Amino acid sequence: ILAYHRIPTPHFAVFRRGGANRIPKALRYPLFVKSATEDASLGISQASIVEDAARLRERIEFIHQHTESDALVEEYIEGRELYVGVLGNERIVTLPAWQMHFGSLPGSLPAIATRKVKWDRKYQQKYGITTGSAGDLEPAVRQRLDRLARRIYRSLHLSGYARIDFRVRADGAIYVLEANPHPNLAREEDFAASPRPATARAGQNGNSTTWSGCAPRGGSPCGESPFRQNGPTVTIERDCIYYDRGPGSANTRLGESSY
């Protein structure tokens with residue numbers, strides 16, 4: 001779908017369980033091998049990056065056996081790993097780009113979000129692995145990320161909220177890694193944390209999470225520059241997402257949520 005809409009993604013191939021592992025000649029090493037259907041980095045480790053056909057076949061077999069799913073093989077894109085949250089249905093709000101910082105991870109290891117990188121607190125502390133604002137992005141890169149996130153959201157007919165994951169190479173080229181239609185909404189997670197650098201305040205109340213100051217320029221959720229300070233608020237409640245236009249105005253319902 002993304003290729004049809006001319007949205008840049010790594011070249012890839014899917015290897016079905018029980019099928020022949022014929023490796024397309026068009027794929028260029030190094031390659032990234034992962035489950036085609038699992039989430040939360042299940043089955044992903046440093047061994048997921050392979051440099052030759054023998055290791056590729058081994059890793060495909062590992063995915064088939066240990067995750068009981070098809071294997072997705074992508075060309076590995078070296079660069080910054082960025083996440084862009086999106087809210088809305090007819091009207092869309094994009095959140096500021098958030099980045100996975102791999103800290104002091106040895107240079108001999110590929111900088112990827114393995115299972116240990118995502119979930120092992122001791123491993124994170126050992127190497128200083130964190131996530132945080134990608135505030136030093138060039139304006140042109142920031143604008144392209146915003147446009148791509150919106151196009152992907154529309155192209156895949158996503159609704160309510162989603163997180164789009166990107167890789168940005170050193171030369172500024174942007175590749176889409178995945179669209180997550182149900183990112184974690186917990187307060188300390190990337191999706192909920194990403195608006196805070198642009199907010200006047202952020203708070204929680206009961207079953208809702210509210211972000212302040214995240215109004216698009218011009219007061220419309222469709223504006224090109226998505227954030228300014230001291231603007232209306234976006235609230236995620238148990239069953240829906242609201243955009244508060246301010247005193248005297250009715251809240252605009254942006255979309256459904258399901259957490």
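Residue numbers count from 1 along this sequence. In this text the structure is predicted, and so the values were computed from the model without any measurement.
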Exercise. Mind listing the closest non-hydrogen atom pair of Ala149 and Phe166 along with its distance?
Key: N-CZ, 4.0 Å

Quiz item: Who are the side chain to side chain donor-acceptor pair (under 3.5 Å) partners of Thr9, not counting sequence neighbours?
Solution: none

Quiz item: How far apart are the closest heavy atoms of Pro8 and Ile174, and which atoms are they?
Solution: CG-O, 3.2 Å

Exercise. Give the C-alpha distance, both sets of side-chain angles, the deciding distance and a yes or no for side chain to side chain contact (heavy atoms under 4.5 Å, CB included) between Leu148 and Ile7.
Key: CA-CA 7 Å; Leu148 279 171; Ile7 294 170; 4.1 Å; yes

Practice problem: Please list, chain by chain and in numerical order, all residues satisfying side-chain contact (heavy atoms from CB on, under 4.5 Å) with Glu68, sequence neighbours excluded. | Solution: Arg17

Quiz prompt | Qualifying residues under side chain to side chain donor-acceptor pair (under 3.5 Å), relative to Tyr83, sequence neighbours excluded | solution = Glu81

Practice problem: Could you tell me whether Arg142 and Asp146 make a salt bridge, using a distance below 4.0 angstrom between a side-chain N and a carboxylate O? | Solution: no

Quiz item: Looking at residues at least two apart in the chain, or sitting in another chain, which of them share a side-chain contact (heavy atoms from CB on, under 4.5 Å) with Thr114?
Solution: Ile44, Gln46, Ile112, Lys116, Val117

Self-check item: Within-4.5 Å side-chain heavy-atom neighbours: Phe32 and Leu177
Solution: no

Exercise. Test the Arg59-Phe62 pair against the cation-pi criterion, namely NZ or CZ under 6.0 angstrom from the six-membered ring centroid and within 45° of the ring axis.
Key: yes

Quiz item: Atom NE2 in His11, atom CZ in Arg28: separation rounded to 0.5 Å?
Solution: 6.5 Å

Quiz item: Tyr175: which other cluster members, linking ILVMFWY side chains closer than 4.5 Å, directly or transitively?
Solution: Ile77

Exercise. Write down the atom of Asp165, the atom of Arg163, and the distance for their closest heavy-atom approach.
Key: OD1-NE, 2.7 Å

Quiz item: Could you walk me through whether Thr67 and Lys34 pass the side chain to side chain contact (heavy atoms under 4.5 Å, CB included) check?
Solution: CA-CA 9 Å; Thr67 69; Lys34 63 183 81 171; over 6 Å; no

Quiz item: Partners of Glu38 by side chain to side chain donor-acceptor pair (under 3.5 Å), sequence neighbours excluded?
Solution: none

